[in-house]
Structure formats: structure tokens, C-alpha cells
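This report concerns only the one structure given below.
Position 1 is the first residue of the sequence; numbering continues from there.
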Amino acid sequence: MSAITHALIQPRLRRGLVLPVLLFVAWLVVCRYELANTRILVPPLAVWKAASALHESGDLWAHLRASLVRDLLGLVLGIVAGGAVGGLLAVSRTADKLFSPSFHAAKQVALFAWIPLMSVWLGVGEQAKIAFIALSAFYPVVVNTYEGVRSVGVEHIEVARVLRFSRWQILRKVILPSAAPSLFAGVHQGLIYAWLGTLGAEYLLEPAPGIGTLMVDGRERFAMDVVLVGLIVSGLVGFGLNALAKAAEDRLLRWRVPGV
């Protein structure tokens with residue numbers, strides 16, 4: 001990393017830490033002076049002890065591993081299906097006219113409203129959870145794939161045809177590079193929505209190992225320290241996934257000309 005990039009990132013990182021630090025200080029003050037019910041808003045030390053106990057028993061890592069595996073399976077399915085549907089709608093005017101209105105109508109339905117229907121079709125086990133996670137990633141991938149492919153300039157396609165590119169060469173050398181920023185944006189959004197869908201599926205469907213289940217168990221036992229551990233871990237995982245996707249996008253698309 002260059003010195004200039006390092007200098008740009010550090011101030012941004014420090015600014016980003018201001019709000020979490022203020023919230024943590026407020027949390028300490030509220031618990032220290034008992035300005036709220038400490039059975040509900042437990043002190044940070046109690047959360048740390050709960051996290052340590054879950055770490056030593058291995059329960060925290062078992063729940064986290066189950067959530068990440070579930071998230072990855074649903075994400076891959078959502079990306080593959082979303083990329084195929086978005087690409088089809090973008091390259092075929094007939095498919096666009098026939099299916100786009102229905103797709104946009106279905107997209108307006110709240111995501112969690114599909115869970116009752118999925119539970120009837122697929123039950124309340126792993127199949128329903130993975131299908132819901134895939135659906136969470138599906139919509140943003142379709143939209144961004146469609147917009148990315150449709151944004152490819154007609155003149156680029158015409159030049160490729162003059163040069164007698166095959167369809168595969170046009171796809172690989174013209175369409176994919178031009179649409180790549182939008183495609184990566186769809187995958188990035190799909191990654192975020194898939195993790196949210198993972199937590200929601202674990203929370204609402206059949207109990208099984210997972211961070212969402214850990215929080216549900218804590219709520220039912222009124223162990224708010226466990227609930228906050230799950231909340232913090234889920235936030236850190238979401239932050240990590242977002243940072244990982246951003247780093248991969250920047251690296252794979254480093255050929256782009258930076259914006260002013």
C-alpha cells in the first residue's frame with residue numbers, strides 16, 4: 001500500500017471509529033450509574049464474560065461456522081441464478097418484455113413476507129433457510145447484472161462484429177469487461193443481503209446451529225449478555241464481509257480509471 005493510500009485510509013478509519021467509541025462510552029456510563037435496567041442493558045464486562053465462556057466451550061465458533069456455511073451456499077445459488085436471469089433479461093428483448101414486469105412486481109414484496117410461503121413449500125429446515133438466503137441475494141444480482149449488460153455501448157458490439165469476433169469473444173472481451181463494475185456491485189450487495197437473510201432465516205425458521213439461533217436462545221433464557229454477544233458478532237461478520245468484498249472489487253477492477 002502506498003504512503004498516499006495509507007494517509008487517506010487512516011483519517012477515514014479514525015472518523016469511522018468516533019460513533020462506536022461514543023456509543024461504548026455511553027453504554028459504560030448508563031450501566032455504571034444504572035440509568036437503565038441492567039438486566040436488559042447488561043454491562044460490557046458481562047458481555048465479555050459471556051463471549052469468553054462461549055469461546056472456551058466452542059459454542060460460539062460452532063454457531064458462527066454453521067451460519068457462514070449456510071450463508072455461502074445461499075449466496076452462491078443467489079449469484080448464479082441472479083446472474084443468469086439478469087443476463088437473459090438484458091440480452092433478450094422478448095424475455096425482457098415477458099418477465100420484467102413480473103420480476104419488478106415480485107421485487108416489491110417484502111423479503112420476509114416470502115418466509116410463510118417457503119415454509120409451506122420447503123418446510124422449516126435447511127432447505128427453506130438456504131432458499132431464503134438465495135432469494136435475498138437474487139434480487140440485487142439480477143438488477144445490477146441487467147443494468148450492467150444493458151449499459152454496454154452498441155458501438156462496441158458493432159466494432160467487435162466488424163472484427164469478426166465470435167459470440168464467446170464478444171461476451172468475454174466486450175460485454176463482461178464493460179459490465180464488470182455493475183456485476184461486482186450486484187455481488188457486493190448480494191453478499192450483504194445474504195448475511196442479513198441468514199440471520200433472519202435462523203431467527204424465524206426451525207432452530208439449528210447459527211448466530212441467529214444463539215440470539216434466540218439468549219432471548220428465551222433472558223440472557224441478554226448472550227444476545228448482545230450474538231449481535232456484536234453478527235455486526236463484525238457483516239463488516240468483515242463488506243470489507244472483503246470491497247477489497248476484492250478494488251483489486252479485480254484496478255484497471256478502471258479512478259473517478260475525479
Practice item. With rounding to the nearest 0.5 Å, note down the distance linking CD1 in Ile133 to NZ in Lys129. Key: 8.5 Å
Review point. At what distance, to the nearest 0.5 angstrom, does CH2 of Trp114 lie from OG of Ser136?
Key: 12.0 Å
Point to revise | Atom of Val141, atom of Gly83 and distance for their closest heavy-atom approach | key: CG1-N, 3.4 Å
Review point. Can you tell me if Trp27 uses its side chain to pair, donor with acceptor, with the backbone of Val42 under 3.5 Å?
Key: yes
Point to revise | Distance-minimising heavy-atom pair for Gly125 and Glu206 | key: CA-OE1, 3.5 Å
Check your understanding: Is there side-chain contact between Arg70 and Glu202, with at least one heavy-atom pair below 4.5 Å?
Key -> yes
Review point. With no hydrogens and no angle check, is any side-chain donor or acceptor of Ser67 less than 3.5 Å from a backbone partner on Leu64?
Key: no
Check your understanding: Can you get from Phe138 to Leu183 by hopping between Ile, Leu, Val, Met, Phe, Trp and Tyr side chains that sit under 4.5 Å apart?
Key -> no
Practice item. Would you check if Val143 and Lys107 make a side-chain contact, meaning some heavy-atom pair closer than 4.5 Å? Key: yes
Point to revise | Heavy-atom closest contact (His63 atom, Gly210 atom, distance) | key: ND1-N, 2.9 Å
Check your understanding: Can we say Asp96 and Arg150 salt-bridge, meaning some charged N sits less than 4.0 Å from an Asp/Glu carboxylate O?
Key -> yes
Check your understanding: Would you say the side-chain atoms of Ser92 pair up with the backbone N or O of Leu88, donor to acceptor, closer than 3.5 Å?
Key -> no
Point to revise | Audit row: Phe184, Lys246, side chain to side chain contact (heavy atoms under 4.5 Å, CB included) steps and yes/no | key: CA-CA 9 Å; Phe184 274 99; Lys246 183 67 169 61; over 6 Å; no
Check your understanding: Got a donor-acceptor contact below 3.5 angstrom from the Ser182 side chain to the Asn144 backbone?
Key -> yes
Practice item. For residues Trp195 and Ser234, determine if any side-chain heavy atom of one lies less than 4.5 Å from a side-chain heavy atom of the other. Key: yes
Review point. Under 4.5 Å between any side-chain heavy atoms of Val227 and Val216, yes or no?
Key: no
**Study point:** Leu191 with Val69, same ILVMFWY side-chain cluster at under 4.5 Å
**Key:** no
Check your understanding: Between Gln127 and Gly123, is there a donor-acceptor pair closer than 3.5 Å when you use the side chain of the first and the backbone of the second?
Key -> no
Point to revise | Distance in Å, Phe24 CZ paired with Leu19 CG, rounded so as to fall on 0.5 Å steps | key: 14.0 Å
Practice item. Indicate if Val187 and Val76 have the same hydrophobic cluster label, given that clusters are the connected sets of ILVMFWY residues with side-chain heavy-atom separations under 4.5 angstrom. Key: no
Check your understanding: Is the backbone N or O of Leu54 less than 3.5 Å from a side-chain atom of Ser57, with the two atoms forming a donor-acceptor pair by type?
Key -> yes
Check your understanding: Run the side chain to side chain contact (heavy atoms under 4.5 Å, CB included) check on Val237 and Leu68 step by step: do they pass?
Key -> CA-CA 9 Å; Val237 171; Leu68 290 176; 4.0 Å; yes
Review point. Thr198 and Phe132: side chain to side chain contact (heavy atoms under 4.5 Å, CB included), yes or no, with the steps?
Key: CA-CA 8 Å; Thr198 299; Phe132 180 72; over 6 Å; no
Exercise for review: For residues Ala137 and Leu75, report the shortest heavy-atom separation together with the two atoms involved.
Suggested key: CB-CD1, 4.1 Å
Check your understanding: Are Leu205 and Leu72 in one and the same hydrophobic cluster, where Ile, Leu, Val, Met, Phe, Trp and Tyr link if side-chain heavy atoms are under 4.5 Å apart?
Key -> no
Point to revise | Ala50 backbone acceptor or donor facing Asp225 side chain under 3.5 Å | key: no
Point to revise | Min side-chain heavy-atom separation Val124-Met118 under 4.5 Å | key: no
**Study point:** Arg221 side chain reached by Val226 side chain, heavy atoms, under 4.5 Å
**Key:** yes
Point to revise | Closest non-hydrogen atom pair between Ala131 and Leu122, with its separation | key: CB-CD1, 3.5 Å
Review point. Got a donor-acceptor contact below 3.5 angstrom from the Thr213 side chain to the Pro209 backbone?
Key: no
Review point. Counting heavy atoms not belonging to Tyr193, are there more than 12 under 6.0 Å from its OH?
Key: no
Practice item. Return the orientation label for the Trp61 and His55 ring planes: parallel under 30°, perpendicular over 60°, tilted otherwise. Key: perpendicular
Point to revise | Residue pair Leu41, Cys31: steps toward the side chain to side chain contact (heavy atoms under 4.5 Å, CB included) verdict | key: CA-CA 7 Å; Leu41 184 64; Cys31 293; 4.2 Å; yes
Check your understanding: What's the shortest heavy-atom distance between Leu77 and Ala134, and which atoms?
Key -> CB-CB, 3.9 Å
Point to revise | Cluster overlap Leu236 with Leu244, hydrophobic side-chain contacts below 4.5 Å | key: no
